[in-house]
Student: 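Below: one structure in structure tokens.
In the text below, chain A, chain B and the rest are named by the order of the sequence lines, each starting its count at 1.
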Amino acid sequence: MREDAATALAEAGAPEAVSPLEQIVVRRDERDFVRASAARALGRLGAPSSLGVLSGVATERGAPPALQLAVIEAVCRYQAKDPTAVQAIAPLAQHEDLLVAASAQQHVAAECKR
Amino acid sequence: MKCAAILLLLLTGCVTTPADMYDLVDAPDEPARLDASKEAARELTRPGPIAVRLAAARALGRLRVVDATVVGALRSVLLNQGTPELRAYCAWALGEMRAELSLQALQASLHEKLEPIVAQHVMEALAKHYAVMTRDHETLVSIVESLVYFAGNHREALPATYDLLSANTRTVTVNVEVLKRTIDRAVDKEQRGTNLSAEERAATYSAAYELLARLMENRAEIVAGPAAWATRVDASVDTGVDAIAIGDPKSAMLILWYLGRLAEIPEVARPTAKRLPQTLLGAGREMRRDTARGPTDPVALGHRLVAAWAVARMQVHALGPRRALLLDVLSKEIEPQVLRMLGDMSRRGDEHDQLQKILGVIDTPKGATP
């Protein structure tokens, strides 16, 4: 499954996977759990270019909660390298989904130090 | 022979593997997704290898087809069958559905004994249904009622998501409604001659706690805008005092304690003062019955002590408690500890009122002139 493939690519630390993963994460017609898995993989790979992509997905209207939770997790992985990274998930603190909003609030308040 | 049979089955493709379940997720259209879901539901409920059943639950969560058969299968495994991991997966799959049917299944699980991992997933799944449960007041109250039951009976620490759900669902109005329903159930049982179960008592305690603790949290707001809070405060006090009467000693003690603490707020003290002295008198009657078992019954004594303390605290803001103390309570109370507490509470400078005279008699050592 592509969901597991994305995880495997991140575990292998394959930089050549960054571009295809970025394409998957922004595709609205892709299944949300595959997009979520790609977002987590991008967070683990930590390529500088991906932070902008993830920030864009964070503010995507109507994005599924599973994807938003994965984006929060992924963006927070950038915080050590870029202290402003957490700003990308700040809008999610007002998300209509209870879990997404709570997760974003906690991570923003703790500046991802959890 | 057995191995040969298994080999034959493998070769003919009759044995379901976890990979078969993962493949179901790729069903291309709605009819195919429904068929795939029903197949996964069959595998989930079949007593086969656990890996296949886990994969079936995962596939159902990915497919998110809200169908009575599918939800029924997940509900059945969540409530009755399987390892904690499998039940947790079922809760997760139901959570992904975010529909009324799945919410009902999750709600039912709150009345069962849940292992910590299952409880955690059930809470997260319920949180995913927040939009569904808050669509109408009746559903919300019903869910909170089940949450209260769960909180009262869950032995382990409550999952963090429970607090998140509580903070977003438990308004004072909802808490009043939940406690009222608990009381109605108790009254109904009493009329039918049965007692509340231990689980129902725990739920009552939990409902009372949630209501009064929420009122306590809002002290500053009540003081700042008493008019806006009047209806909610009156309903909370009325329901709280009603709950004392259902006869659960722990709940009664908790309610008295909170009403006593809240008595520092005039807006709470006044409605409480109208109702609580009657309850204290009720406690006095209860005390006389307890006398047959022994006048120092710890529950009855503790109950009266806390009630006396609460009533005494209300005197500052209302006349009712003082009159009740002087005319009704003191003439019936026989326990020196309760009377002394009332006396200590009622002292105002050098004033020696009727209460002090009565206490003077009690406090006077034997043989001395009062």
Student: So, do A/Asp97 and B/Arg98 sit near enough that their side-chain heavy atoms are less than 4.5 Å apart?
Tutor: yes
Student: I'd like to know if the side chain of A/Arg31 and the backbone of B/Val25 have a donor-acceptor N/O pair within less than 3.5 Å.
Tutor: yes
Student: Nearest 0.5 angstrom please: B/Leu164 CG to A/Gln105 CD, how far?
Tutor: 8.5 Å
Student: Given a strict heavy-atom distance threshold of 4.5 Å, which part of B/Ala127 is in contact with chain A: side chain, backbone, both, or neither?
Tutor: both
Student: Just wondering, are more than 12 heavy atoms of other shown residues or ligands nearer than 6.0 Å to OH in B/Tyr209?
Tutor: no
Student: For atom CD of A/Glu60, decide whether the heavy atoms of other residues, nucleotides or ligands shown that lie under 6.0 angstrom number more than 12.
Tutor: yes
Student: Looking at side-chain heavy atoms only, is the closest gap between B/Arg64 and A/Asp32 below 4.5 Å?
Tutor: yes
Student: Does CD belonging to A/Gln94 count more than 12 external heavy atoms closer than 6.0 Å?
Tutor: no
Student: To the nearest 0.5 Å, what is the distance between CG (B/Leu165) and CG (A/Leu98)?
Tutor: 6.0 Å
Student: Check the surroundings of atom CD in B/Glu217: do more than 12 heavy atoms from other residues, nucleotides or ligands lie under 6.0 Å from it?
Tutor: yes
Student: Determine whether A/Leu99 and B/Thr161 make a side-chain contact, defined as any pair of heavy atoms from C-beta on separated by less than 4.5 Å.
Tutor: yes
